[in-house]
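Note sheet for the following structure.
Quick caveat: nothing in here was measured; it's all calculated off a predicted structure. Residue numbers start from 1 in every chain, and the chains themselves are labelled A, B, ... in the order their sequence lines are given, proteins ahead of strands.
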There are 2 protein chains.
Amino acid sequence: MNRKIFIIHSSEIIRKGINTILRNYFNVEIVLLEKIEELKAFYELNGQEIIIIYENLSGKKPVNFKPLLDKNQINWIIFQNDKEMSDEPLPLCKFYITLATQARDIERMVSRCWDKSKKQPRTEENEELTIREKEVLQLVALGHSNKAIAEKLFISIHTVISHRKNITEKTGIKSISGLTVYAILNNLIDTETINPEDLI
Amino acid sequence: MNRKIFIIHSSEIIRKGINTILRNYFNVEIVLLEKIEELKAFYELNGQEIIIIYENLSGKKPVNFKPLLDKNQINWIIFQNDKEMSDEPLPLCKFYITLATQARDIERMVSRCWDKSKKQPRTEENEELTIREKEVLQLVALGHSNKAIAEKLFISIHTVISHRKNITEKTGIKSISGLTVYAILNNLIDTETINPEDLI
DNA sequence: AAAAAAATCCCTACATCTTGGGATTTTACA
DNA sequence: TGTAAAATCCCAAGATGTAGGGATTTTTTT
């Protein structure tokens, strides 16, 4: 099931702060919105698991998202300024973020919102890349097209595509930039010696 | 001259939010601190150009950093909660960040802090990327498609393509992997904190 | 030698990116 | 307040990549 996190807050600083914190822990799409109204643009999101983190400064009664996104499994986390806690209990929400909240607290809150359904399996079958796959990955990270890789390795483009499919499957990384970072972290290419401008 | 930005704020959310915003615009070291006392660990920093962004919530009279870091050229920007503006004028500081401050405003403030010392020498035909171009480049390096970038930035895909054309022209880098390496080397993305598996 | 794993090759339909043209509106600055 | 730069938007054709199926031949391993 597709998962998303919406961060709705009027302050760009806070939006980006929470985003930075969550990005490190959760491999899901995070959408930053300034106003609740912008959620309307996502009406078509049905049947998704969603966490909404939204501000409730000045102690107002918080919005109930249920009718807004009815087909989705949603949980929400309320961002509340320390000093302005509402007196009334907040509906369907057990989690609060305050200005002072630490990264690990935020991470824990989001985790709990999802934990009840299921933890990411995180298939660590340790699917090592084969030699050929590493060669292909290296060339991908060096900026070569499938066609160019085929020529360089004296194989057909179909084979290259097959290898890339396997690489994507094993690493779980789809994007070229993700693969590039992976290649750097796994010493398949070297940012010290390689000039980005050399990367065709 | 070595330049640094210190962000001092008790809230991790805000520290990381400002950091995320500034990282996109300034290729300098940014240090995040929770308390002013932690600045002491940097006493040895002499003869540097420093900007300190620190919180002054609850309208207290702000700290004067001058004696603290005397040998440095320092400027500071005060983080002030909207609702709690101090009545007395703040010394030597013309810039404020509030909760509601936008990325562009923060960037401008920091720019102005440094602008007065010296205008960018405009070395060579300094084909600097614009702010928007950097934003797009960052998202490219984070693995997003043009379409996804368009949605994320609330612009049309045509605009994204335009920006990418300009980026390619200015940097001379065509491939996504090359742009990713460029982004890493220019601190637009951070391999320390970003997991390649997060790169969609 | 049989089984398993790796490497090779092929296809189609569709999605996405690139290239090479534009044009208009906003914003910054002098 | 006018100008330049930045940001925005649009099109079409062709290139390239992706997703989903396969299949065959080499190597390795047991």
Contact summary for B/I14 and A/I13, nearest pair of heavy atoms: O-CG2, 3.8 Å
Nucleotides 11-27 of chain C: protein proximity per nucleotide (B base, S sugar-phosphate only, - neither; heavy atom, under 4.0 Å): -----SSBBBB------
Length of the CG-P vector between A/N166 and D/dG20, whole Å: 14 Å
Distance below 4.0 Å between B/T130 side-chain N/O and D/dA6 OP1 or OP2: no
Sidechain-backbone polar pair: A/E169 side chain, A/N166 backbone, donor-acceptor under 3.5 Å: no
Side-chain ion pair, B/K16 and B/E12, N-O less than 4.0 Å: yes
Spacing between A/I149 atom CD1 and C/dT8 atom P, to the nearest angstrom: 13 Å
Bend angle of the helix from C/dA1-D/dT30 to C/dA30-D/dT1, from helix axes over five pairs at each end, nearest 10°: 60°
Heavy-atom pair of closest approach, residues A/I176 and A/R164: CG1-NH2, 3.9 Å
Shortest non-hydrogen contact from B/T171 toward B/L179: OG1-CD2, 4.0 Å
Distance, rounded to the nearest Å, where B/K134 contributes NZ and D/dA6 contributes C1': 14 Å
B/R15 (side chain) donor-acceptor with B/L32 (main chain) under 3.5 angstrom: no
Between C1' of D/dA6 and CD of B/E135, the distance in whole Å: 12 Å
A/K170 NZ - C/dA7 C1' separation (whole Å): 11 Å
Among D/dT8, C/dA7, C/dC9, the nucleotide that comes nearest once only the side chain of A/I155 is considered: C/dC9
Minimal non-hydrogen separation, B/I155 against B/H163, with atom names: CD1-CD2, 4.4 Å
side-chain N/O A/H163 vs C/dA7 OP1/OP2, d < 4.0 Å: no
Gap between atoms CZ and C1', on B/R132 and D/dC9 respectively (whole Å): 13 Å
Rounded interatomic separation in angstrom, taking CD1 from B/I131 and C1' from D/dA5: 12 Å
Nearest heavy atoms of B/S177 and A/A141, plus distance in Å: CB-O, 3.1 Å
Nearest heavy atoms of A/S156 and A/A150, plus distance in Å: C-CB, 3.8 Å
Whole angstrom value for the distance that separates P of D/dA7 from CG of B/L137: 13 Å
